[in-house]
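Just so you know, ligand 1 is whichever comes first in the structure, and atom 1 is the first atom listed for that ligand.
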Amino acid sequence: MSTEIQTFVEFRRQLHLIPEPGFAEFKTQRFLLDRLAELPADRIEIRTWRTGILVKVKGTAPQRTFGYRADMDGLPIEEDTSYPFRSVHPGYMHACGHDMHMAIGLGVLTRFVEQPMADDLVVIFQPAEEGPGGAKPMLDSAELRDWLPDLIVALHVAPEYEVGTIATRPGILFANTSELFIDLTGKGGHAAYPHRANDMVVAAAHLLVQLQSIVARNVNPLDSAVVTVGKIEGGTKQNIIAEKARLEGTIRTLSAETMTLVKKRIEALVAGAETAFECTASIDYGSNYRQVYNDETITREFMEWLEGSGGAKLIECTEAMTGEDFGYFLERIPGLMFWLGVDTPYGLHHAKLEPDERAMPVAIDTVTGYIRWKSEQPLREGGKP
Ligand SMILES: CC(=O)N[C@@H](CCC[C@H](N)C(=O)O)C(=O)O
């Protein structure tokens, strides 16, 4: 590995040490600002927005602005990797590759500082991708509004693909998402007197099983949807009937219509649980992300460029039920997201996730190579990038 790449691998390891929750990426922001301070000040402009950062790398004769976006937050997972640089924040881990996405961002912007292109580049370090979602408020911020790129690229590490591969597709890449929080309130009591209480652990257990029937029995089998309950809480002690229970989950669909259908069915089942278990219930859909929809023309062109570049191996993949608030960027700015193969047996959001760092030069070369090539192409009809 070259000394240049070793620098960014080291940055990734230092970021890996300090995973932080969404909108609390204070040390992460400090670390990135310190690295940016090491670059020539006349070549870049820096803005901060909450815990995020925007960096403009000035072009020599700018006609348009290209963008690269990296997410910044970690996940509430107790790390169980074999790394000597494990998280120093107990119960928090970079288990979704954001440490790598950020270090690649530093690599991309450093390359354009050292070898300028004609156009401007804006690198966006965005907080709170895992929730509650930093993309939408950042896009609405005064800090980003007058630096909006004309074309934007983002990537996501993919454990299932080999190092040296990149996977993407024109059109929908990631699903629509909605968080799901259901609170049930009944009547607590003594474990020996169930007839005098309304047990919310039992209500939650029934509801949990009923929720599985939505995908199995309400969604068209030729469509796709996910209802996952990732956390369930209820009760206070083994011999006390639970007055309260809470289910926390997420819904994924490939269309807005199916999202509406799934939510309608959840509401019907929750209303049924209220009747069946004589309790009250509330539903909160938390944060919702728009699907990641890759601009079809730009993505086809990127795929053709990649195949001709002699760089990474291209895979045209299918859609995934993962979510990403990068979907909000793609709703306003043409561009694309791609999967970066990091070949590791454990999946995203797993305590043992160890993405292969040899994927970092592949990503830096691909993003810089594509943006530089694209910057050299004439504007399309209508001034489109
Ligand atoms: C790439 C990835 O794993 N993204 C997350 C996004 C989470 C959105 C939201 N908090 C939710 O759970 O609905 C994912 O879980 O797909």
Side-chain angles (χ1 to χ4, degrees), residues 19-25 69-77 92-102 104 126-138 153-161 166-169 172-182 211 214-215 224-232 246-256 258-260 262-263 266 283-294 317-331 336-342 344 346-353 355 359 363:
E20 296 168 291
F23 289 127
E25 302 96 335
R69 172 276 204 172
D71 36 15
M72 299 171 75
D73 50 329
L75 282 160
I77 292 176
Y92 256 83
M93 176 184 171
H94 270 300
C96 205
H98 300 190
D99 48 348
M100 238 185 212
H101 304 167
M102 288 184 278
I104 291 165
Q126 177 223 297
E129 185 275 328
E130 297 291 350
K136 199 161 183 274
M138 199 172 198
V153 178
L155 59 85
H156 203 292
V157 298
E160 62 274 37
Y161 293 120
I166 278 177
T168 192
R169 72 191 304 273
I172 187 164
L173 184 71
F174 288 4
N176 296 271
T177 73
S178 170
E179 293 176 348
L180 174 66
F181 303 98
I182 303 171
L211 290 174
I214 299 174
V215 175
S224 295
V226 171
V227 179
T228 290
V229 173
K231 184 174 171 186
I232 184 158
R246 180 174 167 88
L247 291 85
E248 298 187 1
T250 181
I251 311 164
R252 311 293 167 96
T253 67
L254 292 182
S255 75
T258 307
M259 180 61 78
T260 306
V262 170
K263 286 186 174 175
I266 289 174
I283 304 174
D284 173 2
Y285 290 117
S287 64
N288 294 236
Y289 293 172
R290 199 71 92 225
Q291 62 193 15
V292 170
Y293 195 93
N294 283 341
C317 58
T318 57
E319 315 84 321
M321 301 310 275
T322 32
E324 247 284 358
D325 63 351
F326 185 62
Y328 287 112
F329 279 93
L330 291 181
E331 211 176 38
L336 77 139
M337 175 167 241
F338 63 80
W339 289 112
L340 173 71
V342 292
T344 165
Y346 296 99
L348 301 174
H349 296 195
H350 196 284
K352 288 184 188 288
L353 179 83

*With sequence neighbours excluded, tell me which residues meet side chain to side chain contact (heavy atoms under 4.5 Å, CB included) with T322.*
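T322 satisfies side chain to side chain contact (heavy atoms under 4.5 Å, CB included) with F174, A320, W339 only.
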
*asked:* Is there a side chain to side chain donor-acceptor pair (under 3.5 Å) between N176 and S255? Walk through the geometry before answering.
replied: CA-CA 7 Å; N176 296 271; S255 75; over 6 Å; no

*How would you list, by chain and number, every residue that makes a side-chain hydrogen bond (donor to acceptor under 3.5 Å, both in side chains) with D325, sequence neighbours excluded?*
R69, Q126

*asked:* Could you work out, with ring-ring contact (aromatic ring centres under 6.0 Å, His included) as the rule, every residue matching Y289, not counting sequence neighbours?
replied: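 For Y289, no residue satisfies ring-ring contact (aromatic ring centres under 6.0 Å, His included) once neighbours in sequence are set aside.
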
*asked:* Exactly one of M321, R252, Q291, R290 should register a side-chain contact (heavy atoms from CB on, under 4.5 Å) with T177. Which one does?
replied: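 For T177, the side-chain contact (heavy atoms from CB on, under 4.5 Å) test succeeds with only one of M321, R252, Q291, R290, which is R252.
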
*Identify the heavy atoms of H101 and V157 that sit nearest to each other, and give their distance.*
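Minimum heavy-atom separation between H101 and V157: NE2-N, 3.1 Å.
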
For ligand 1, what N or O to protein N or O distances fall under 3.5 Å?
from, atom 1, to, atom 2, distance (Å)
ligand 1, 3 (O), H349, NE2, 3.1
ligand 1, 4 (N), E129, OE2, 3.4
ligand 1, 4 (N), G323, O, 2.8
ligand 1, 10 (N), E130, O, 2.7
ligand 1, 10 (N), E179, OE2, 2.7
ligand 1, 12 (O), T250, OG1, 3.4
ligand 1, 12 (O), R252, NH2, 3.3
ligand 1, 13 (O), T250, OG1, 2.7
ligand 1, 15 (O), R252, NH2, 2.8
ligand 1, 16 (O), R252, NH1, 2.8
ligand 1, 16 (O), R252, NH2, 3.4
ligand 1, 16 (O), G323, N, 2.8

